[in-house]
Participant: 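Can you keep this structure in mind? I'll have questions shortly.
Side chains are part of it too, since the values below use all heavy atoms of this structure and drop only hydrogens, waters and symmetry mates. These figures come from a predicted structure and were not determined experimentally.
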Amino acid sequence: MLTKSSSLKTTFSGVDFSKYASKVSEFVSEFSSRANQPGKFLNWVNLPQEQLKRLDDIYSLAENLKSQAGVSRLSVMGIGGSKHTVEHMLAINGLNLNSESVLFYSDVDSISFNRFLSRLGNDVLSSSYMIASKSGSTFETKDGFLRIQKMLEDAYVSKGQSLEEAKKSASKHFIAVTDGNAEKSELRRTSNENGWLGDLFIHDDVGGRFSAFDDHALFTLAFAGMSKEDMASMLKSAQEVSSLSLSSDLELNDALKEGIFWADAKMNGISASVHQYMGSMFENTVYWHAQMQNESVKDTLKQVAKVPDAMHHSAEAHFNPANKLVFALTVPCDNGVCSSNAKAYIEALSKSYEVTGATFVETVETSELGLTPEAAGAVTQLRAFATCYQEIVEAVVGGKALPEVLDSVLQPHVEFYKKNLKGGVVVPGRIG
């Protein structure tokens, strides 16, 4: 028997879900018929339960990378989902608060590269490097990786090693997260040829923004100190959300209700919407959710922001009667020293938004520095399902045929700029 998790509670206002009751089974059928099927890009639905089988290997790799390079810091080199999902997962789990364990680099300009080196104390030997790219040839990621690789080799040569020895020493600092097939991934070939540690994978049919439970995120969480028990709890909770999100009982299926919420607004002519997250633990969640919005819903009219600060920036527009919006709030269940004021603030926002339009409030269970592992798993998987359900609801209610592969899991338009990026071969010191 399915039951809703106590780690997350969602309350809705201003939407009549009974209007959609007769369509619920059709919504769920459209989703479930594609879930975990090859080529449908919905392989993330059961990914949490599959990853539970790999925890021992992931934790062993994290410890081995630390020991073989003799360092306790990891630099994540990747863009999009290879970066934002990891930042999100670290932050909501209360890890790496002072960047003591993990740094990120995802840029291509000289100033950003110099700033990254400065955070390393201008010592590339002080870190190991996780290179994350499905194809292994991502322009931005490859640029940074090759520069660091050359600097590592130079650093070891300066210590008296031969170039051949330096290349072997540099290789001990790297681990790849990429396609498992060396024919498909240049990075996998690099890893194999240079004897990099172990095998971490970007699983087939798991798009970057849906990859919060893929190897790059779990490995980084393990490296940063998340206990194996907490990670198992997080993954089990995420899988429970998958089961609930494939239920035709709307009272259990919050992912579908959230999808209906956003679709209902658009179908009623409200094109602008707001989703706000309360608290510093969500600063990186905002970037990940914005990626989800732009790549999946393909809508530039949604504001995703952290409050309280963004609330003051936006209140004049939000509460202007001329602007029609719908709102969502994700807020912590605050049991700490600030709880009375935090609850008053949440109540004020909730009441204010209910007056201006439809809203829902998503309350998540917390620990001292972030969410509980169960809440972290639930809210992350819920966001992915709700995004896809929005597309399904709009299509089914509007009488439009859904494509074989949901538009919300694809991103064909990104190729528009890539074709204008001349010269894909990246060499330290130049691009040409």
Side-chain angles (χ1 to χ4, degrees), residues 2-6 8-32 241 243-278 289 292-293 296-299 301-304 314 317-331 346-364 378-379 381-402 406-408:
L2 293 176
T3 57
K4 293 173 73 169
S5 170
S6 61
L8 187 150
K9 180 182 178 182
T10 309
T11 56
F12 296 85
S13 174
V15 176
D16 181 6
F17 289 105
S18 66
K19 295 190 303 181
Y20 300 94
S22 63
K23 296 286 187 181
V24 167
S25 293
E26 187 174 355
F27 298 150
V28 173
S29 178
E30 287 287 357
F31 195 111
S32 59
V241 168
S243 298
L244 291 167
S245 299
L246 295 176
S247 169
S248 293
D249 184 346
L250 193 56
E251 290 309 306
L252 295 176
N253 194 338
D254 275 348
L256 177 52
K257 292 181 83 170
E258 290 189 15
I260 290 172
F261 177 89
W262 299 117
D264 181 82
K266 293 190 75 172
M267 290 185 294
N268 283 285
I270 301 176
S271 56
S273 57
V274 178
H275 194 135
Q276 294 183 331
Y277 292 83
M278 181 172 166
H289 189 170
M292 182 81 74
Q293 179 70 19
S296 292
V297 184
K298 309 181 196 305
D299 183 351
L301 292 177
K302 185 170 189 173
Q303 179 197 80
V304 185
S314 307
H318 288 180
F319 302 119
N320 180 347
N323 297 326
K324 303 299 181 185
L325 304 97
V326 291
F327 303 91
L329 296 167
T330 297
V331 299
I346 293 166
E347 184 178 0
L349 291 185
S350 302
K351 287 183 176 179
S352 300
Y353 284 142
E354 286 175 4
V355 172
T356 61
T359 187
F360 72 80
V361 179
E362 188 178 62
T363 304
V364 286
V379 74
Q381 193 76 331
L382 183 64
R383 196 62 66 246
F385 270 98
T387 301
C388 296
Y389 267 129
Q390 181 179 342
E391 176 190 354
I392 291 172
V393 171
E394 289 180 32
V396 169
V397 173
K400 299 177 183 177
L402 281 158
L406 297 176
D407 284 342
S408 50

Participant: So do the side chains of Lys302 and Val297 get within less than 4.5 Å of each other, counting heavy atoms only?
Facilitator: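 Side-chain contact under 4.5 Å: no.
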Participant: Report the residues that fulfil ring-ring contact (aromatic ring centres under 6.0 Å, His included) with Tyr277, sequence neighbours left out, ordered by chain and then residue number.
Facilitator: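 In terms of ring-ring contact (aromatic ring centres under 6.0 Å, His included), with neighbours along the sequence ignored, Tyr277 is linked to His275, Phe282, His289.
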Participant: Return the minimal non-hydrogen interatomic distance between Ser296 and Thr387, and the atom names on each side.
Facilitator: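 Nearest pair, atom of Ser296 first, then Thr387: CB-CG2, 3.3 Å.
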Participant: Return all side-chain donor-acceptor pairs below 3.5 angstrom for residues 254-262, not counting sequence neighbours, or 'none' if the list is empty.
Facilitator:
residue : atom : partner : partner atom : Å
Asp254  : OD1  : Lys4    : NZ           : 3.2
Asp254  : OD2  : Lys4    : NZ           : 3.4
Glu258  : OE1  : Arg383  : NH1          : 3.0

Participant: How would you list, by chain and number, every residue that makes a side chain to side chain donor-acceptor pair (under 3.5 Å) with Ser5, sequence neighbours excluded?
Facilitator: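 Applying side chain to side chain donor-acceptor pair (under 3.5 Å) to Ser5 gives Ser7.
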Participant: List for me each residue that meets side-chain contact (heavy atoms from CB on, under 4.5 Å) alongside Thr11, sequence neighbours excluded, and say none if there are none.
Facilitator: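 In terms of side-chain contact (heavy atoms from CB on, under 4.5 Å), with neighbours along the sequence ignored, Thr11 is linked to Lys9, Val361.
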Participant: Which heavy atom in Ser247 sits nearest to a heavy atom in Asn253, and how many Å separate them?
Facilitator: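 Smallest heavy-atom distance, with atoms named: O-ND2, 2.9 Å.
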Participant: Could you work out, with ring-ring contact (aromatic ring centres under 6.0 Å, His included) as the rule, every residue matching Tyr20, not counting sequence neighbours?
Facilitator: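 For Tyr20 there are no ring-ring contact (aromatic ring centres under 6.0 Å, His included) partners, ignoring immediate neighbours.
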Participant: Sequence neighbours excluded, which residues qualify as side-chain contact (heavy atoms from CB on, under 4.5 Å) partners of Leu406?
Facilitator: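 With sequence neighbours excluded, Leu406 shows a side-chain contact (heavy atoms from CB on, under 4.5 Å) to Arg34, Leu42, Cys388, Glu391, Ile392, Leu402, Ser408, Val409, given in chain and number order.
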Participant: Could you report the tightest heavy-atom contact between Leu382 and Val241, atom names first, then the distance?
Facilitator: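 Shortest heavy-atom contact: N-CG1, 3.8 Å.
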Participant: Checking Ser13 now: which residues fulfil side-chain contact (heavy atoms from CB on, under 4.5 Å) with it, not counting sequence neighbours?
Facilitator: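 Once residues adjacent in sequence are excluded, the partners of Ser13 under the side-chain contact (heavy atoms from CB on, under 4.5 Å) criterion are Glu354, Thr359.
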Participant: Nearest 0.5 Å, please: how far is CZ in Phe31 from OH in Tyr389?
Facilitator: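 With rounding to 0.5 Å, OH (Tyr389) is 6.0 Å from CZ (Phe31).
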Participant: Tell me if the aromatic rings of Phe327 and Phe360 count as close, with their centers under 6.0 Å from one another.
Facilitator: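 No, the ring centres sit 6.0 Å or more apart.
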Participant: Relative to each other, are the rings of Phe12 and Phe17 parallel, tilted or perpendicular (30° and 60° limits)?
Facilitator: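 Plane angle over 60°, so perpendicular.
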Participant: So, using side chain to side chain donor-acceptor pair (under 3.5 Å) as the criterion, who are the partners of Gln303 when residues are at least two apart?
Facilitator: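 For Gln303 the side chain to side chain donor-acceptor pair (under 3.5 Å) partners, ignoring immediate neighbours, are Ser314, His318.
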Participant: What distance separates Met278 CE from Thr330 OG1, expressed to the nearest 0.5 Å?
Facilitator: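 Nearest 0.5 Å value for the CE-OG1 distance: 12.0 Å.
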Participant: Going by salt bridge (charged side-chain N to carboxylate O under 4.0 Å, His left out), name the pairs with one or both residues in residues 260-272, residues two or more places apart or in two chains.
Facilitator: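 Non-adjacent pairs meeting salt bridge (charged side-chain N to carboxylate O under 4.0 Å, His left out): Lys19-Asp264, Lys266-Asp299.
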Participant: Compare every heavy atom of Ala263 with every heavy atom of Val393, then report the nearest pair and how far apart it is.
Facilitator: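 The pair with the smallest heavy-atom distance is CG1-CB, 3.6 Å.
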Participant: Under the rule for side chain to side chain donor-acceptor pair (under 3.5 Å), what residues qualify as partners of Asp16, not counting sequence neighbours?
Facilitator: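 Partners of Asp16 under the side chain to side chain donor-acceptor pair (under 3.5 Å) test: Ser18.
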Participant: Do you know which two heavy atoms are closest between Leu325 and Ala317, and how far apart they sit?
Facilitator: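 The pair with the smallest heavy-atom distance is CD1-O, 4.4 Å.
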Participant: Mind checking side chain to side chain donor-acceptor pair (under 3.5 Å) for Glu26 and listing every partner two or more places apart, or none if nothing turns up?
Facilitator: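 Side chain to side chain donor-acceptor pair (under 3.5 Å) check on Glu26 returns nothing, list empty.
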Participant: Donor-acceptor pair, Ser350 side chain versus Ile346 backbone, under 3.5 Å?
Facilitator: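 Yes.
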Participant: Which atom pair, heavy atoms only, marks the closest approach of Leu329 to Leu349?
Facilitator: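 Heavy-atom minimum between the residues: CD1-CB, 3.8 Å.
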